[in-house]
Amino acid sequence: MEPINFLTTLSVQELRSITQWHRFSIFFIGIVSVGMLIIQLQQLQTLYDLHHKQKSMKSVDATTIKNYMNLKEQELRATTKINLLNERISYQNDPSPYLRVLQEFQAGNIRLVSCTLTQHTITLTLLVPDSRSITLFAQKIGKTGLFKGLKLVSLNPHKSQLLGTLKGSLQGPK
Amino acid sequence: MWSLPKLSTNIVTISLNPQSLTCCWIEKNEHSQLILRSYKQTLFSNLECASSIIFNPTLLKQHIQDFLYSHQLTDAFVCMSCSGPQIMESTVTLTHASPNADDFKFPKLKKMIWDYRYLYPQENGHAAFYICGISRHLLLQYQLLALSVPYNLILLTTERMALLRLYHHFYGSAFRAGQLAVEMNQYNHDMHEIFSLESLKRMLIIPATVSLSLQKEKNYLLTHLGLFITGGDLYGAN
């Protein structure tokens, strides 16, 4: 005789299956959680490493860029200087050789008052004691080969001395 | 979800009637003999369970918890029987032995959870059926009691159903419905009287450690024995 049961219950097999499934679910959830945790930790470690590396790379770059900028600035300054020098060297109407010669031959009582250089001509104003001194001076500088056709264009008394003007053309350094 | 109870092969039987609550732990030994491990009866004095309706669930819960915890039987299967005015029980005679549910014309049953079982044939060719039912709110009360303790309630039936199952078990393959009819009529359908004290002693070993008056507790022990056998049939513990 099958008993009357007011309850609708699960069979023992179903109960045991549920229990086993419950245990397996907990075990499986545990395993999956641990697995996910391990993977996440690895990814976090990688992220941390990358972040750290990026940080260190940033600081190296900043120093390098600073050094590079300094070097670049130095190079620019040096290049400017070199260009200036090259410009000076390559300058055709450089008055320095003429002035050097004038300074070299300016001796005794001869005193250079003014010197006007144009592209091809030179006008010298000299304060000399006598007319002979200015003539000799003109001959001396004429022998250097830098000047050509130097002529005394004026000679005026100035206090106790004479103010003479020489005019000629420039020949350029050889 | 996480507190899914463990499954145990132990069966605890609880019998609830308006007079008392009895809890019993029966075990089967290696020789397939049934041994009474523990028995506890609590008499109601303050209408804790009047007319089968539980009026003091806290007290009932406390008694059941005490019994289960004291014997570490919290994971055991629990079979419960109830009886009282609110439990509808009847023996019905029908003209044929294989009726449908519609053949039982009881208006009361419409509001109940009920079932019937064939008992025996009658001399006039009719068939006697045992019919029992419980109202839904009462069933819910018993289920809530089981949830509040908590215990694995697997069977809720009537005392008479438990005794009918015991009768079947007692006779085994020698069971005859005609014999049941004779004995039922002889004892005016009082199933307890069918079993003598000697029969109970043959079915159940009561150790000396369990102190009880066998004569006084015979009816309860028979019910518990029937519940244990029914529970064992259901869950393969026997």
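Chain letters run A, B, ... following the sequence lines, proteins first and then strands; every chain starts at 1.
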Quick check on Tyr171(B): does its OH atom have over 12 non-hydrogen neighbours (other residues, nucleotides or ligands) under 6.0 Å away? yes

When the 4.5 angstrom heavy-atom criterion is applied to Cys79(B) and chain A, the contacting part is neither

Turns out that what part of Tyr118(B) lies under 4.5 Å from chain A's heavy atoms comes down to backbone

When rounded to the nearest 0.5 Å, the distance separating CE of Met112(B) from CZ of Phe6(A) is 8.5 Å

Looking only at heavy atoms, the pair that brings Leu7(A) and Gln143(B) closest together is CD2-NE2, 3.2 Å

Result block: side-chain N/O donor-acceptor pairs under 3.5 angstrom for residues 102-109 of chain B, not counting sequence neighbours:
residue: Asp103(B); atom: OD2; partner: His96(B); partner atom: NE2; Å: 3.3
residue: Asp103(B); atom: OD2; partner: Asn100(B); partner atom: N; Å: 2.8
residue: Lys105(B); atom: NZ; partner: Asp102(B); partner atom: O; Å: 3.4

Counting heavy-atom pairs under 4.5 Å with chain A, the top scorer among Leu164(B), Ile154(B), Ile113(B) is Ile154(B)

One should read off an interatomic distance between His168(B) NE2 and Glu2(A) CD, to the nearest 0.5 angstrom, of 12.0 Å

Margin query: For His51(A), I'd like to know if atom NE2 has over 12 heavy atoms of other residues, nucleotides or ligands within 6.0 Å.
Written below: no

When you measure from the side chain of Asn5(A) to the backbone of Thr157(B), do you find a donor-acceptor pair of N or O atoms at a distance under 3.5 Å?
no

Okay, Tyr116(B) and chain A: the region with an atom under 4.5 Å from a heavy atom over there is backbone

Just by modelled atom types, is the Ile4(A) backbone N or O under 3.5 Å from a matching donor or acceptor in the Asp115(B) side chain?
no

